[in-house]
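Scroll down for the structure; my scribbles are underneath it.
Here is the naming used below: chain letters follow the sequence lines, and residue numbers restart at 1 for every chain.
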2 protein chains.
Amino acid sequence: MAISTERIDPRVQRTRGLIQQAFQALMREQGFESITIQSITERATVNRSTFYAHFTDKYDLMDTLMREQVRDVLRRTLPDDAPVNRAHLHALTRAICEYLMNFQSARCQAAGHDQCEPLIEAAVQAELHSFIEAWFKRLPGPTTPPDVSVAMAASIASWTIFGAGLHWRNAAQRCSLDDLSWQVVAALTKGVPAAMGQPGRLA
Amino acid sequence: MAISTERIDPRVQRTRGLIQQAFQALMREQGFESITIQSITERATVNRSTFYAHFTDKYDLMDTLMREQVRDVLRRTLPDDAPVNRAHLHALTRAICEYLMNFQSARCQAAGHDQCEPLIEAAVQAELHSFIEAWFKRLPGPTTPPDVSVAMAASIASWTIFGAGLHWRNAAQRCSLDDLSWQVVAALTKGVPAAMGQPGRLA
DNA sequence: CAACGTGTGTTGGATAATCAACGGGTGGTG
DNA sequence: CACCACCCGTTGATTATCCAACACACGTTG
């Protein structure tokens, strides 16, 4: 069990923080593509070679930054001991959609087509997945023979939420965030056909 | 000549900054006396032993912090190439008095009689002195035999300004800052008797 | 009194960050 | 073409910071 929060050297925390902070500022000002490693390290008052001790390139930086952000959002959304139920699924969906939305408007569109969008989305989905997997693992054991493993269920749930969120974000006109989240919850809990009002049609 | 700004290791700058920042925050919250080295380093996210690599104790920290602040104020008050004249003497006096005033109200009174007040004042005077000395040294050579050396003149001027500032700050009712500054300038340029309207009385 | 908790300064060894330098890539300009 | 300017990614040696530990002082409490 990797419960323990491996003590991280404060120097590491500091430089990571400085780099990420500088990166975010530059993102707001310039957009992703035109950012250079030098500019990051200069603004962070960190030696350029130090950057490479922590990240392999700016894509890596972007990736880990996104993951951390998403992880924080999720942790803040659900209490540590949250049971798996409709309300919490709803909250989770809401949070992810909000995050996707904020992100769209805030970043990554300054300089035409930044290449970072897919990166971001992959990071979001990945973190959502691992969060949900950990969450599902705290469920009591099955009372009837399961059709899917916990890992598979987590994968499906995360992709469902993520996919719906992306669809919603990119839609020409969006229903309310609340509506959307309940739709997702319905699909997740009842199954897609039932959620569509077509019970038994595919049975 | 120690003209060159000795390149300082960025790590040193950072930790010094973190420590000073933490210290200032604690000053506002607690006052000087109750501050502990541990609390400073904890808030600064700096190892306690690192503190001693930069300062001998909290008095030392206070001292250097005050000096730096005063130096900044003075540098911001006068342009680098400012000639020595009445207007600039006025500006200098004003700046010092303002600083003393702000300080009085802001800090060092939270917890009764903090022991740091004399420390601070000494630091202010010392920095004012060295600033003025450097300033006076840029004057052209004397045209008549001088009565006092540059160093002595700087000492006198700095103590005059400083003393007047302290007196003014502690007075029950204060004249305007502008008034005060012109009084000081008069005393400095005409001599005390003439400034008092008693020319020749002590001659 | 002793035992305890808390803060101080100091030390030696481990680790992270800095710095200068190198080779290589890319794009612009004479 | 050569030249220049800029950025990349890496290296080895140097320096700053971290960390655990120690001895000391002080006030409190049993």
Side-chain angles (χ1 to χ4, degrees), chain A residues 4-27 29-65 68 110-116 119, chain B residues 4-27 29-65 68 110-116 119:
Chain A
S4 67
T5 307
E6 315 140 9
R7 290 264 162 268
I8 329 179
D9 192 309
R11 291 171 288 184
V12 173
Q13 285 185 287
R14 224 175 292 147
T15 57
R16 274 199 162 91
L18 288 169
I19 289 174
Q20 293 183 348
Q21 217 170 314
F23 178 69
Q24 285 177 316
L26 289 170
M27 273 299 269
E29 298 172 13
Q30 314 182 359
F32 183 74
E33 293 306 334
S34 70
I35 292 182
T36 171
I37 309 282
Q38 277 191 1
S39 65
I40 298 171
T41 57
E42 277 169 19
R43 178 167 310 210
T45 59
V46 153
N47 193 282
R48 192 165 60 90
S49 69
T50 304
F51 178 93
Y52 295 104
H54 296 274
F55 308 98
T56 68
D57 50 30
K58 67 177 178 177
Y59 299 94
D60 182 29
L61 169 56
M62 174 61 120
D63 187 65
T64 69
L65 182 59
E68 286 180 16
H113 283 271
D114 272 343
Q115 189 152 0
C116 63
L119 263 181
Chain B
S4 67
T5 307
E6 315 141 9
R7 289 267 162 268
I8 329 179
D9 192 310
R11 290 171 290 183
V12 173
Q13 286 184 287
R14 220 174 294 145
T15 57
R16 274 200 163 89
L18 288 169
I19 289 174
Q20 293 183 349
Q21 216 170 314
F23 178 69
Q24 285 176 310
L26 289 171
M27 273 298 272
E29 299 173 11
Q30 314 182 0
F32 183 74
E33 293 305 335
S34 70
I35 292 182
T36 172
I37 308 282
Q38 279 190 1
S39 64
I40 298 172
T41 56
E42 276 168 20
R43 177 166 311 210
T45 59
V46 153
N47 194 281
R48 192 166 60 88
S49 68
T50 304
F51 178 92
Y52 295 104
H54 295 274
F55 309 98
T56 68
D57 50 31
K58 68 176 177 177
Y59 299 93
D60 182 29
L61 168 56
M62 174 61 119
D63 187 64
T64 69
L65 183 59
E68 285 180 17
H113 282 273
D114 270 344
Q115 190 154 359
C116 64
L119 263 182

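- When DNA chain D is scanned 5' to 3' for any atom under 4.0 Å from a heavy atom of chain A, the first and last hits are dC7(D) to dC19(D).
- Distance Ile8(B) CD1 to dC19(C) C1': 16 Å, rounded to the nearest Å.
- Put simply, CG on Leu119(A) and OH on Tyr59(A) are 8.0 Å apart, with the number rounded to the nearest 0.5 Å.
- Within residues 9-18 of chain A, the residues that have a heavy atom under 4.0 Å from DNA chain C are, in order of number, Asp9(A), Arg11(A), Val12(A), Thr15(A).
- Contact annotation: His54(A) does not reach the phosphate of dA16(C) (side-chain N/O to OP1 or OP2, under 4.0 Å).
- The CG atom of Asp60(A) sits 13.0 Å away from the NZ atom of Lys58(A) when rounded to the nearest 0.5 Å.
- For the pair Leu26(A) and Ser39(A), the tightest heavy-atom approach, listed with the atom from each and the gap, is CD1-OG, 3.6 Å.
- Here the straight-line distance linking atom CZ of Phe51(B) with atom OG1 of Thr41(B) works out to 8.0 Å at 0.5 Å rounding.
- What separates CG of Leu61(B) from P of dG9(C) is a distance of 12 Å, to the nearest Å.
- Atom-to-atom distance recorded for Leu65(A):CG and Gln20(A):CD is 5.0 Å, nearest 0.5 angstrom.
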task = Give the intermediate values and the outcome of side chain to side chain contact (heavy atoms under 4.5 Å, CB included) for residues Thr36(A) and Glu42(A).
result = CA-CA 10 Å; Thr36(A) 171; Glu42(A) 277 169 19; over 6 Å; no
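- With a 4.5 Å cut-off on side-chain heavy atoms, Ile37(A) and Tyr52(A) count as touching.
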request  = Could you go through the side chain to side chain contact (heavy atoms under 4.5 Å, CB included) check for His54(B) and Val12(B) one step at a time?
outcome  = CA-CA 9 Å; His54(B) 295 274; Val12(B) 173; 3.7 Å; yes
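- What separates CD of Gln38(B) from C1' of dT8(C) is a distance of 9 Å, to the nearest Å.
- Side-chain contact between Met27(B) and Met62(B): present, with at least one pair of heavy atoms (C-beta onward) separated by less than 4.5 Å.
- For the pair Leu18(A)/Arg14(B), a side-chain contact is recorded, criterion being any heavy-atom separation below 4.5 Å from C-beta on.
- Heavy-atom distances under 4.0 Å link DNA chain D to Arg48(A), Ser49(A) of residues 44-51 of chain A, given in residue order.
- Ranked by how close their nearest DNA chain D nucleotide is to the 5' end, Ala53(B) and Glu42(A) are led by Glu42(A).
- Put simply, CD1 on Ile37(B) is 12 Å from P on dG7(C), counting in whole angstrom units.
- By the 4.0 Å N-to-carboxylate-O rule, Glu68(B) lies too far from Arg16(B) to be salt-bridged with it.
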